[in-house]
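By convention in this document, chain letters (A, B, ...) are assigned in the order of the sequence lines, proteins followed by strands, and residues within each chain are numbered from 1.
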Protein chains: 2
Amino acid sequence: MSLEHILLGLLREPASGYDLKKLFEERLSHIWRAELSQIYPTLKRLERRGLVDSREAAARRGSGRRLYALTKAGRQELHVWLSGPPQFADERMAWVAQLYFMGELEDLDQTMRFLGSVRAHFAAKLAALSAIQRMWTAADPRYPRDLPVEDLHVHFALRKGMCSLAAHIEWCDESVAELTARLEARSSGTSREPGAAEEAP
Amino acid sequence: MSLEHILLGLLREPASGYDLKKLFEERLSHIWRAELSQIYPTLKRLERRGLVDSREAAARRGSGRRLYALTKAGRQELHVWLSGPPQFADERMAWVAQLYFMGELEDLDQTMRFLGSVRAHFAAKLAALSAIQRMWTAADPRYPRDLPVEDLHVHFALRKGMCSLAAHIEWCDESVAELTARLEARSSGTSREPGAAEEAP
DNA sequence: GACAATTATATAAAGAGTTATATATTGACA
DNA sequence: TGTCAATATATAACTCTTTATATAATTGTC
């Protein structure tokens with residue numbers, strides 16, 4: 001189970017369930033997301049298996065917090081996961097399925113609007129990752145060539161997100177261009193469209 | 001629930017659960033996957049809701065088959081889904097998480113091997129999609145500019161997969177190049193590595 | 001002093017997907 | 001004749017994830 005391993009990875013420094021949720025949002029939002037209702041029971045399971053241990057600590061506010069930390073066995077398990085083969089899972093992309101079936105609507109304007117929404121979505125995500133990279137570049141003169149090994153890997157993961165998103169945007173533009181060419185061909189000369197005949201009967 | 005809508009999309013022609021599983025594998029493998037154990041109960045649910053209806057039919061082999069077909073309500077529901085906003089879901093990419101934490105291992109050779117596996121994986125997937133595109137190009141002289149509207153959308157979805165995969169491969173190459181530069185810098189001149197001192201003590 | 005926001009943990013219930021298993025029929029091949 | 005592969009449906013058990021809800025203390029604000 002990947003969530004377990006990711007929690008082990010995040011627990012290089014001791015953290016509470018609440019902290020871990022924040023770490024997911026701040027550092028891993030482009031890779032994985034997890035809800036508190038999933039994190040808490042998973043931490044308990046990891047503790048039962050001896051991969052993490054916990055101690056109570058004073059809360060800044062609210063009820064007491066429980067800080068979890070990696071055990072030796074936990075670090076070993078993490079290394080096994082990291083040394084193993086890449087774990088691929090096939091994606092489920094509902095929005096691509098929508099596009100796949102959208103010919104059914106026979107409405108290329110709808111397709112155009114749809115591609116616009118898609119492009120905006122990915123552009124926003126790319127802007128967020130670019131901002132992170134810019135911050136990093138400004139803050140650390142070693143970026144990225146001379147980063148410490150750990151940060152280099154984080155950099156790779158960030159670049160993965162940026163490259164994917166940039167490709168999505170380019171694909172949107174390619175598709176919009178193909179659609180536009182088609183719509184122009186339709187509105188000018190050779191038209192067999194049912195709607196076009198209404199213009200000059 | 002997206003699987004329901006995808007089944008509605010596939011059911012433009014009547015099909016059995018078994019047929020639909022094949023359609024997922026043949027046409028939608030780069031977009032969505034579904035197991036028979038998920039398809040059968042989903043079809044029953046769709047029938048209870050009046051979005052599809054079914055009739056028994058003779059099986060080519062095996063026990064009798066049940067053919068499902070879209071109802072009017074089903075087609076309407078499909079159109080609502082297709083007219084709605086794109087449904088994005090954040091991906092969970094275990095392999096990127098592995099890379100993110102891989103600095104922990106302090107073994108850049110392992111990182112290199114990992115990136116090699118990743119590249120091979122995506123290259124194989126891209127080859128599969130490219131083959132589909134080549135077949136299509138060869139079979140239909142209208143590809144892609146003058147395709148019927150329906151096929152144009154299928155083409156867009158295929159191109160989405162190809163663009164993503166090509167970007168993944170480029171990212172792999174970029175990362176390998178950065179890693180290589182680093183490994184060469186380490187093996188030549190300025191070395192503070194613990195292993196390097198053993199060469200000439 | 002009331003109220004909202006934040007910090008913090010916990011659990012129940014539902015939904016989505018995977019794995020394993022059971023059944024039955026037919027055709028091909030050895 | 002036996003058995004393997006393909007066609008076809010069905011269900012149980014399990015895992016993973018989301019949504020909703022409950023509790024409780026503290027800080028800042030109006």
Side-chain angles (χ1 to χ4, degrees), chain A residues 1-8 10-11 14-26 28-29 31-49 52 54-68 81 87-94 97, chain B residues 1-8 10-11 14-26 28-29 31-49 52 54-68 81 87-94 97:
Chain A
M1 186 203 182
S2 297
L3 176 60
E4 291 180 356
H5 290 112
I6 293 173
L7 287 175
L8 295 178
L10 286 172
L11 280 174
S16 69
Y18 194 83
D19 296 335
L20 289 163
K21 168 69 173 158
K22 294 247 158 119
L23 291 177
F24 271 100
E25 283 162 5
E26 288 163 15
L28 293 183
S29 61
I31 301 176
W32 204 274
R33 85 172 253 204
E35 300 300 326
L36 280 170
S37 57
Q38 210 188 348
I39 292 170
Y40 284 118
T42 304
L43 285 170
K44 285 191 176 172
R45 200 162 59 236
L46 289 173
E47 187 166 29
R48 272 204 308 279
R49 290 206 271 144
V52 303
S54 73
R55 59 185 175 83
E56 290 192 54
R60 289 182 278 277
R61 293 185 203 178
S63 42
R65 30 196 262 132
R66 179 167 291 278
L67 283 178
Y68 289 86
W81 180 60
Q87 300 198 312
F88 301 109
D90 20 40
E91 307 167 59
R92 287 189 160 78
M93 294 169 293
Chain B
M1 188 202 182
S2 297
L3 176 59
E4 290 180 355
H5 290 112
I6 294 173
L7 287 177
L8 295 179
L10 286 172
L11 280 174
S16 69
Y18 195 84
D19 295 335
L20 289 162
K21 169 67 173 158
K22 294 247 160 120
L23 291 177
F24 271 100
E25 284 162 4
E26 287 163 14
L28 293 183
S29 61
I31 300 177
W32 204 277
R33 84 172 253 201
E35 299 301 325
L36 280 171
S37 58
Q38 209 188 348
I39 291 170
Y40 284 119
T42 304
L43 285 170
K44 285 190 177 171
R45 200 162 60 236
L46 289 172
E47 187 165 29
R48 274 203 307 278
R49 289 206 272 143
V52 303
S54 72
R55 59 184 176 83
E56 290 194 55
R60 287 181 280 276
R61 294 184 202 179
S63 42
R65 28 195 265 134
R66 178 166 292 277
L67 282 179
Y68 289 87
W81 180 61
Q87 300 199 312
F88 301 109
D90 18 44
E91 308 168 57
R92 287 190 160 79
M93 293 169 293

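Trp32(B) places none of its side-chain heavy atoms less than 4.5 Å from the side chain of Met93(A). Residues Leu11(A) and Leu20(A) are in side-chain contact: their nearest non-hydrogen atoms beyond the backbone lie under 4.5 Å apart.
Among dG17(C), dT19(D), dT17(D), the nucleotide with an atom closest to any side-chain atom of Trp32(A) is dT17(D). Nearest nucleotide to the Gln38(A) side chain, out of dA16(C), dT9(D), dC16(D): dC16(D). Among dC16(D), dT18(C), dT11(D), the nucleotide with an atom closest to any side-chain atom of Glu35(B) is dT18(C). With distances taken from any side-chain atom of Lys22(A) to the nucleotides dT7(C), dC16(D), dG17(C), the minimum falls on dT7(C).
Going from atom NZ of Lys44(B) over to atom C1' of dA16(C) covers 18 Å, rounded to whole Å. Taking atom CD1 of Ile39(B) as the reference point, atom P of dT9(D) lies 10 Å away to the nearest angstrom. In this structure, Leu20(B) places its CG atom 16 Å from C1' of dA10(D), rounding to the nearest Å. Straight-line distance from the CD atom of Glu56(A) to the P atom of dT7(C): 20 Å, rounded to whole Å. Straight-line distance from the CG atom of Leu7(B) to the P atom of dG17(C): 11 Å, rounded to whole Å. Rounded to whole Å, the distance from CD on Glu25(A) to P on dT7(C) is 11 Å. Summarising the geometry, the separation between CE on Met1(A) and P on dC14(D) is reported as 16 Å, rounded to the nearest angstrom.
If you check every strand for non-hydrogen atoms under 4.0 Å, Ser37(B) touches a base.
Toward the 5' end of DNA chain D, the nearer of the two residues Arg33(A) and Pro41(B), judged by each one's closest nucleotide, is Pro41(B).
An OP1 or OP2 oxygen of dT7(D) is reached within less than 4.0 angstrom by a side-chain nitrogen or oxygen of Tyr18(B). An OP1 or OP2 oxygen of dT7(C) is reached within less than 4.0 angstrom by no side-chain nitrogen or oxygen of Lys21(A). In this model, the phosphate group of dA10(C) is not approached by any side-chain N or O of Tyr40(A) to a distance below 4.0 Å at OP1 or OP2. Side-chain nitrogen and oxygen atoms of Arg92(B) include at least one within less than 4.0 Å of the OP1 or OP2 phosphate oxygen of dT17(D).
Distance check: Leu23(A) CG to Ile6(A) CD1 gives 12.5 Å after rounding to the nearest 0.5 Å.
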Arg45(B)/Glu4(B) under salt bridge (charged side-chain N to carboxylate O under 4.0 Å, His left out): CA gap, chis, key distance, verdict: CA-CA 9 Å; Arg45(B) 200 162 60 236; Glu4(B) 290 180 355; 3.0 Å; yes
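Lys21(B) places no side-chain N or O within donor-acceptor distance of the main-chain N or O of Glu35(B), the cut-off being under 3.5 Å.
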